[in-house]
Structure formats: structure tokens, C-alpha cells
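Order of listing sets the numbers, starting from 1, for every ligand and every atom in it. None of these values were measured; they are calculated from a predicted model. Position 1 is the first residue of the sequence; numbering continues from there.
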Amino acid sequence: MEIYLDANATTPVLPQAREAALSVMADAFGNPSSIHGSGLKARARLDEVRATARRVLGAPGGRLVFTSGATEGIQTAVLSALTALRQRRDAGQAIPPQLLYGATEHKAVPEALKHWNALLGLGLEVVAIPVGLDGRHDLVWLREQVSAAGLVCTMAANNETGVISDLDGIAEVLRGSGALWLVDGVQALGKLPLQLGERAIDYAPFSGHKLYAPKGIGMLYVREGAPFTPLMAGGGQEGALRSGTENMAGIAALGAVLDALEQGGTFASLSQLIDRRQRLADALRDAFPGVVFNAPFDISLPTTLNVSVPGLGAKLLLDLFDAAGLRVSGGSACGASKAAPSYVLQAMGLPAWRAASAVRLSFGAADTDATLEEACRRVRACGESLRATCQTPSPNDSPQAPDLLTRFTVDGACCYVVADVASRRCVVVDPLPELTGTLAQWLRCRGLSLAAVLDTHSHGDHASSAQALRDAVPELLSEEAWPGRVDALGWPAGAEVIALGAYRLSRLATPGHTEDSTAYLLHAGGDLVATFVGDTVMPGALGRSDFAQSAPAAFGPSLKTLERNVGLDGLLLPGHDYDDRFATTLAVECEAQPLLDGVLKGRLSAEAFAIGKGVLEHDLAPTQYQTMACGARVACARSTERVELDVAGLQALLGEGAHPKPVLVDVREAYEARLSPNEALAPEAVPLSALINALPRWRALPADTPVVFFCRSGNRSAQAARALRRLGHAQSWSLAGGLALWPEAGASLATGARGNPNAGTTSGVPIAFDAIAI
Ligand code: PLP
């Protein structure tokens, strides 16, 4: 069973609201503008709902208009206020030069301000009201600024943090200023006593779907005497304030919710909600020691928790919660390579890591106590799963054994750990500053001894963090890796090879990208397993050689040296992988990179290669992903080739008589797989972070054997499928939409895991990791 903790994004529809909508559609379907019996019945219901809404909102006077939702209400309010300002200006009056909005306002507000300001040709300045660390508006700033404001927009409660605005304080500041006042009441509906009639609020938009009514219905309150301009003209419905035949099903459903609010019994009381928040916060503290809450509880909606956990990114947490059947949402937008931090938390001035890694849990006031209890249990299970897989400190003395190769990435830069389980020795290649804590934790939890921390070259874009990592785990450092006993790249002085049990690491000078560029070759017995090539060769690029510390003339010969030592088909693990290709080979790169092909096949001399490369790097701009481009990308676009396989496609592959049988691979990380094991599909489990271990095995499969990857949302499995396809295995596929869209797979998986036959079949698609908190 999924537990939905994303009520600030939207809510399910209350059963009584569903019934009300259905009955309006089936029986009382009349048009409220008709004057026959059917129409009159609809009109009566419409009037009844409006009257209830007035009571619930404490708004006996003014206008209350049904809209399609809050975004429409906001447009109408902004259009009305700005039209009034324009009329004043057209009449020759001076008008205030600014439009103010809270810096943490939902995007609908500033976007509407900018849109109508431009469309009406007003040319006013649209300015954000700063907020403090607690998320509340800076009233001192507002007091100083208010005389310049024609319209002030401040939400009643924030959707990301739940922070409740000090509406009385704002009212006090605005008193006598002449500014119109819009209060976005979306997150407050049913949770805060707004008492609109008692406040000087001019406009207050609301949305039904945030409080158990369907999407597509909302309300706009307009104070008596506040300017009004209809957004929609037409048949004159809603007293000509909002034309268009009314959404009677939505209105009836909203009416049922408002009735429930008035009558009580359906929604938990404030004290119950506060108690539930406390229990959920306790579970989060148990699961994630060090968790921080991004909004003060005493001024926040009790149904919203916005948290950040040191060392754990939002994507990891979202994947983890999702695997536990907890639907939560990211407080920030995460792209494939880079996380965009939450503008709300940034505006509050929280540290960058908190704004980038925030996760929001928001439960509904109609949830049951049992649901909340189960949510707490699952949150604790998430913590346990992280401890068992060494993501967080664990007293567990027999943690899961690491794979030979584990890859970590930060914004396209790659770091690898090579670990030999038998000897418990490991080497870190190209540590990244952002990962020092994570790596220290990861190594310590597994009790691995650190034989070396190596850099493939002195990096142009960041100082080496090798020493920081050594300093972080002095107790794990083997003698040969002690400071003073290693060279500038971390190689133990005088050593020919670094032995890791049955594995051996040797080095190969490959000057070009930098003078000191070095490749590390990993052998098992006589077999070459993989080569860490740093930025010499990357998927779709060769490392740039226009730095002061580059050796452009040596680059071509180094590539030939590399070919002699690793062959055209040897697996290369790059220092940067901007497009999630994981690994490459010289043969694959020759296809994409004519310069490389030219120098390896002897068509280009070392000089001609260096000249050609210089042309390619002329004016090389920093990439979008980081401050310095580490290679002139000649094939930078993500492959658009479709790797997605739909349900029918997989069924055909799995069907009777289908030959050869597909290899199914679950690429979710171990901490996710533990929470929802997948006996039903019996796949191989190869987490994306360890994908490079299995690439050679899958490449060696017969060409017609399909390899089908799956994960939670289809995102990571598509990366895996593209990577394998790029390495030559054409039958590489990804389960479209991931487990989320595969009810059968989801149901059987969850049944296996928790014995609940309804699991995975309840509601729709979970919020994807890259969803913005709405
Ligand atoms: N304002 C706030 C605070 C919200 O949370 C939302 C939700 O998306 C909106 C406005 C927009 O509401 P609607 O979806 O009804 O357009």
C-alpha cells in the first residue's frame, strides 16, 4: 500500500466529494443558468455551496467567485488590481511604482504580476519582499517600501515549508497605505481560520484540489469595493464576474468538502495534527541522525515537514522513500546532473546544502492515525536500510560487501572506489571534495583499509581532495599511503603496482590533458578489467589540452600508448561523464571522434592531431554543468534513440517460447531494493553506482539476448540501457515509466515484500525525483 505524504501538492478526493460530483453528473446535471426545474436545482446547489464557503472563510460580504483553481484566481486578482492602477494612471493620477510579492510565493503570483504588468503596458517594478530565516516576511523592509506599492501579494501559508505568514502584522503595515492586498490562501484552506471579512484582504484565491476536492475547481474572494475586472467574458455567469458554464461537478464536490469542514468529524483537529507531526518528526530523527527541519514548528502548518539530511541528497531520499512506498516530494528541482536548489529555502537564507537537498513530507488532515503510524514505521525502515548499506553510520559489523568497482558522481565528475572483498583493501581514484564525508563513512562502515588515494591528474577545476580524505580516515590508511610516502598523485613511492588481493593496479603515463595525466590499469590475474583514464578520453570528448599545465604535443602519442596497453575494446572509466554513459572504449570513441580515429589509425600525425584539437578547443566555453569544460565535446547531445520498452514489449520478451530469454536487471541502489525486494521478477540486482562491474559481462552476451533494465521511474534504467547500447549491445532496454507505471510488477513486488495484495495498484504515478514542490 502506498502512503501518500504529498498533500501540499494535491490530495485524493474525499468519498463524499466523489459521490457529490457523481450525483451532479448523473442526476442533477442541469445548467444553473436554465430556468426550468433541472436548472433551478443546479442553481440551488450552487448557491448553497457558495453560502457554505462564505461561512467557512468567514466572508459574509464581498464577492465569492467559483474559478478553475488558484492560478485562475490569482490571474483574476492581479488583472483586477493592475487594471485599476492603469485606469488611475490613464486619468492622469500618479500611481505607486512597484508591485510587491513575498520572495517565497508560489510561482503563479510573480509570474502573473510580470505577465499582466507587461500585457497592460504598466511597466511597474516587480519586487520580492525578503523573508527571514524563519520564512516570514520582513515587515521592517515592507514598512519602508509600502508607500511605493500598488499591490502587495503575500501567501497565507507556504506550500514548501508550511510557514504561516503573520497576516495581522502585514495588515498593520499596510493599513492606510492605499496598496491593494492579495493573500494566496491555497495552503491555508481548512487549516487556518482566515476570517476574511475581518481583515483588509482585497483578494484571496483558493484551490479545491489541495483540500480533498477534485482538480479544476477553486474560489476567489474579492472584498467589497475592491476593483474587479473579469478574466473571462461571455455568457455572464457568476454575475458576469466569471463567464462560462459553471463546473457543477467540481462545485458540488467542493461543497461536500466544505460541509465536512463545517460539520467536523472528517478532519483531524489541530492538536491531533500537531501530535502527528511530532511523531513523524521523531521517526525522521531516529532514521536520519542529524536531520534538520527547515521551518520552525511553532509558526508552520502542522501537516508540513520540510527536512534536509546532511550527506544525503534529495534524490537519494526520494528514491529511498519511494521504495518504502512513501510518496513525498523534493523541495528542489533536480536535473540529471545538477540539483536546482529550492528558491523558497534560498530566499530564507538557509545554507546551500539544505536548499539543494530538501525533501517535503506533507500529510492530509483526513489521513487516519493508523496511516501516520505506518508512515513512521516505514521512515524508520528507511533509516535502517541506509545503515545496513553503509550510507549512514551503523553499528552493524557485517555490512553488505562492496562491489569491486563503485562509482560516485558530482555534477558529471566521477570518483571510483576499487575494493577487494577478500583482502578488505581498496583504492579511491579521483576523490571529489564534495564526497569526502560520504567516502569516509562508506569506507569506515565496511572496515576497508585504504591502500591509496589516487588522482589521474592535477585537476584544472578543483584542488585534489586526496589529502582531505586521508585526513578523514587516518585509521584506515595503509602505511604505504601515509603522507610523505606518496607522490603528488598519491602513488606509493617506489611501488610498481598496488596489490588489492588478487587484483593489481598499475599506472601508465598519458601526458596531454595535463603534463602529469596518468591512467591506472586494473588487472585480475592476466586480465585487464578496466582502466581509469581520467580526462584523457571521456565519452564523447577528449580532455582539453589548452591549460597552462597541458602537454598538447604529447596527447596524440599518449593515445597510441593507451591503445597499445588497453586495446581498442578495453573498458575505459572516465574522470568526467556529463551524459551518463558510464564507460567507453577507444573503439566506441573512434566512431564518435574523428580526431581520435585519425591519430590511432595513423591518418593524423601527433602535430596534425594537436592542431586539429586546438581548433576544436578554440573559445571552448565553460559547460553548463560546471565551471570548467574538461573536454571539447564532439558528441555531447544525449542519445535520443528510444530504449524504452512498454508493457506489451516486455510481455512479449517474457512470453512462452520467446527466445532468448531477456536478462532483467534492477538498477535501484541496495538501500532501495532492501525496502521493496523483487522476487516476482527475479532480476539481477546491479545498482547504477556499480553498473560498470557488469558492463563487460553484458557486452559478452549473444547479440540477440535482450537486457532489460528497470528502476523506480524509468530514469536510471534508461541511462543504463543507453550506456550498454552505446557499448555495442543493441538489445538493451529500459522498462518505460519504471516500476511506478507497472501495476502488475508493482503489485507482485509489493505483495512479495509486504503481503499486501493492494500495494502498487492504488493511486497513480508517484512524484518523480525531478518534480518541483508545488
Ligand atoms: N498557490 C499555492 C501556495 C499553491 O501551493 C498552489 C499549488 O499548486 C497554487 C497557488 C496553484 O494552485 P492551482 O493548482 O489551483 O492552480
Got a salt bridge between [X] and [Y], using NZ or NE/NH1/NH2 to carboxylate O under 4.0 Å?
X	Y	answer
Arg712	Asp319	yes
Glu246	Arg50	no
Glu262	Arg55	yes

Taking non-hydrogen atoms only, is [X] closer than 4.0 angstrom to ligand 1 via side chain, backbone, both or neither?
X	result
Met155	side chain
Ala70	both
Glu72	neither
Thr71	both

Which one of Thr10, Asp184, Asn158 has a non-hydrogen atom at the shortest distance from atom 10 (C) of ligand 1?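 Ranked by closest heavy atom to atom 10 (C) of ligand 1, first place is Asp184.
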
Evaluating non-hydrogen atoms only, which member of Lys107, Lys215, Lys210 is closest to atom 7 (C) of ligand 1?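 Residue with the shortest heavy-atom distance to the ligand atom: Lys210.
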
Ligand-residue contact atoms, ligand 1 with His209, heavy atoms, under 4.0 Å: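 What qualifies from ligand 1 is 13 (P), 14 (O), 15 (O).
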
Should you measure from each heavy atom of Gly69, which atoms of ligand 1 turn up under 4.0 Å away?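 Within the 4.0 Å cut-off of Gly69, ligand 1 contributes 15 (O).
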
Check the side chains of Ser308 and Asn294 for a donor-acceptor pair under 3.5 angstrom, ignoring hydrogens and angles.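 Yes, side-chain donor-acceptor contact under 3.5 Å.
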
I'd like to check whether Asn8 has a polar contact with ligand 1, where a contact means an N/O of the residue lying under 3.5 Å from an N/O of the ligand.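 Checking ligand 1 against Asn8, no N or O pair falls under 3.5 Å apart.
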
Please name the pair of heavy atoms, one in Leu372 and one in Arg279, separated by the smallest distance, quoted to 0.1 Å.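 Closest approach of Leu372 to Arg279, heavy atoms only: CD1-NH2, 3.9 Å.
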
Might you point out which heavy atoms bring Leu180 and Pro227 nearest each other, and give the distance in Å?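 Heavy-atom minimum between the residues: CD2-CD, 3.7 Å.
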
